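Below is one structure, written out as structure tokens, with a few remarks after it.
Keep in mind that what you see is a predicted model, and the values were worked out from it rather than measured. In each ligand, atom 1 is the first atom listed, and ligand 1 is the first ligand listed.
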Amino acid sequence: MLIVKKFGGTSVANKERIFNVAKRCIEEYQKGNDVVVVLSAMGKYTDELITMAKDINENPPKREMDMLFTIGEQMSVALMGMAMNKLGVPAVSLNAFQVAMHTTSVYGNARLKRIDTERIKNELEQRKIVIVTGFQGVNKYDDYTTLGRGGSDTTAVALAAALHADACEIYTDVDGVYTADPRKVKNARKLDQVTYDEMLELATLGAGVLHNRSVELAKKYGVTLVVRSSLNNEEGTKVRRGSKMEKMLVSGVAGDADTARIAIMGLKDEPGVAFKLFNALAKHDINVDMILQSIGRKGKKDISFTVSEENADEAAKVIEEQFDDYEGVDVNKNVAKVSIVGAGMQTNAGVAAKMFEALYDENINIRMISTSEIRVTVLIDQENTERAMNAVHDKFSLGD
Ligand code: ASP
Ligand code: MG
């Protein structure tokens with residue numbers, strides 16, 4: 001069997017943990033399996049690199065940032081190679097250049113295009129453990145690129161797909177994917193499995209366990225992912241295609257306080273208004289999430305939408321600068337999104353109503369609602385976030 005194992009920053013944060021990871025990989029190797037290990041930078045090293053960079057130049061060129069970032073992952077793979085050799089097992093570390101992980105050109109947010117597998121396969125044939133840098137790639141100018149924060153998960157999945165690996169295990173500091181954030185919801189429970197689509201919604205909602213592009217890739221290439229802890233031997237959570245088995249009606253609840261609501265009152269009720277508004281925001285790279293438009297009255301209408309908190313002021317500024325035909329703009333950062341996700345929603349009525357009932361029982365007012373095939377999201381006042389998450393979680397008996 002060929003197994004790709006990815007370990008995040010906390011799992012390789014110090015000497016003891018590096019040896020712990022090395023031993024885990026060696027165990028797998030000694031079963032006769034081929035092992036490819038993908039590592040992130042140690043601990044919070046990537047953040048430290050950002051601090052260092054900003055100390056020199058508050059606005060560092062993205063190319064130089066990527067040049068700097070790559071040393072974080074390079075450091076962990078080299079140290080891991082040394083640890084494995086110390087334990088008497090042949091291992092070799094490779095960076096993105098040596099493997100040849102080809103990406104698009106965009107610095108700081110590149111996408112993997114193609115991975116050459118020859119070098120890795122040669123090393124595996126010589127019965128070495130191959131340790132590869134996560135997060136980094138090389139573009140057509142032979143420059144280093146990075147895949148965006150948290151991108152090592154995506155490196156691991158892409159490698160598993162390219163190598164036709166039998167398993168891709170993502171080791172982290174939590175036991176797996178939970179029905180809700182255990183720090184916020186007291187009855188939260190670890191899930192044995194989730195579908196790709198559920199995981200995608202959860203990752204996008206900020207569940208924080210997996211980089212969402214890694215889930216997209218896993219779905220595209222049918223790579224079964226396992227999310228498990230590097231600190232214990234628990235089974236973890238399997239992320240895979242929905243089986244024929246009964247799909248979970250709701251498998252998780254997510255909360256996201258990093259949301260702001262912007263309302264524009266008294267826009268003209270005529271064609272092209274929404275286009276102009278959202279086009280102006282898109283040109284400023286402002287990502288819009290929920291959108292609500294009121295019905296027209298006396299030739300006027302209101303549009304409200306949500307953006308991340310960091311974009312709220314800029315969004316309001318764009319509107320004030322580029323529009324004059326409206327009555328007012330209101331920004332409210334004191335809101336949060338609460339969502340339920342479940343593949344079984346597609347075929348079951350009443351799921352949204354049940355969520356709304358849970359909020360009604362708690363006397364929590366809903367300000368906006370949006371849905372996808374397998375998700376219902378409500379916007380509520382931020383102070384009610386945890387109470388809402390707990391109420392909804394219990395309503396669907398997710399802790400049982
Ligand atoms: N070290 C990078 C980061 O902190 C990549 C990763 O950890 O996945 O974003
Ligand atoms: Mg991560």
Side-chain angles (χ1 to χ4, degrees), residues 4-14 17-18 20-21 25 36-54 60 62-81 93-97 99 101 103-104 106-112 115 131-139 143-161 168-174 176-177 199-200 202-204 206-218 223 225-231 239 258 308 310:
V4 174
K5 293 177 183 286
K6 181 260 170 181
F7 294 86
T10 39
S11 307
V12 291
N14 54 41
R17 292 192 189 169
I18 288 177
N20 180 38
V21 167
C25 297
V36 175
V37 186
V38 175
L39 299 181
S40 296
M42 293 170 70
K44 298 250 170 284
Y45 198 68
T46 304
D47 293 322
E48 283 170 35
L49 291 173
I50 295 176
T51 308
M52 267 187 245
K54 298 234 153 130
K62 290 214 162 107
R63 180 193 177 278
E64 301 310 325
M65 239 10 255
D66 281 356
M67 192 69 185
L68 183 66
F69 277 146
T70 52
I71 69 171
E73 271 66 16
Q74 190 152 324
M75 180 163 132
S76 11
V77 297
L79 292 173
M80 186 59 70
S93 64
L94 299 173
N95 68 16
F97 226 107
V99 172
M101 305 243 210
T103 70
T104 54
V106 213
Y107 301 105
N109 197 21
R111 285 178 175 260
L112 282 164
I115 298 178
I131 312 156
V132 182
T133 50
F135 182 46
Q136 55 182 252
V138 181
N139 70 13
D143 277 342
Y144 279 117
T145 53
T146 58
L147 309 181
R149 297 304 306 272
S152 299
D153 296 339
T154 300
T155 308
V157 174
L159 266 175
C168 183
E169 302 172 344
I170 310 281
Y171 288 84
T172 170
D173 52 353
V174 293
V177 182
M199 195 60 229
L200 258 181
L202 289 168
T204 312
V209 197
L210 286 177
H211 195 227
N212 69 352
R213 267 162 51 204
S214 72
V215 188
E216 271 170 26
L217 262 190
V223 176
L225 287 178
V226 181
V227 180
R228 55 193 296 196
S229 168
S230 59
L231 308 166
V239 186
D258 177 22
S308 70
E310 103 184 316

(request) Please indicate whether Met75 has more than 12 foreign heavy atoms, meaning atoms of other residues, nucleotides or ligands, lying under 6.0 Å from its CE. (result) yes
(request) Mind telling me whether Phe97 and Tyr144 have parallel, tilted or perpendicular rings, with 30° and 60° as the class edges? (result) perpendicular
(request) List every atom of ligand 1 that sits less than 4.0 Å from any heavy atom of Gly150, numbering the atoms from 1 in the order shown and giving each element. (result) 3 (C), 5 (C), 6 (C), 8 (O), 9 (O)
(message) Less than 4.0 Å is my threshold; does some heavy atom of Gly134 fall inside it relative to ligand 1?
(response) no
(message) With a 4.5 Å cut-off on side-chain heavy atoms, are Thr155 and Lys6 touching?
(response) no
(request) Determine, considering heavy atoms only, which of Glu73, Gln136, His211 sits nearest to atom 2 (C) of ligand 1. (result) Glu73
(message) Only heavy atoms of Arg149, strictly under 4.0 Å: list the atoms of ligand 1 that pass.
(response) 3 (C), 4 (O), 9 (O)
(message) When you compare ligand 1 with Thr46, is there at least one nitrogen or oxygen pair between them that comes in under 3.5 angstrom?
(response) yes
(request) Decide whether an N or O pair under 3.5 Å exists between Ser40 and ligand 1. (result) yes
(message) According to side chain to side chain contact (heavy atoms under 4.5 Å, CB included), who are the partners of Thr103, at least two apart in sequence or on a separate chain?
(response) Ala110, Leu112, Asn139, Thr145, Leu147
(request) Check side-chain hydrogen bond (donor to acceptor under 3.5 Å, both in side chains) between Ser11 and all other residues, then give those that pass, not counting sequence neighbours. (result) Ser230
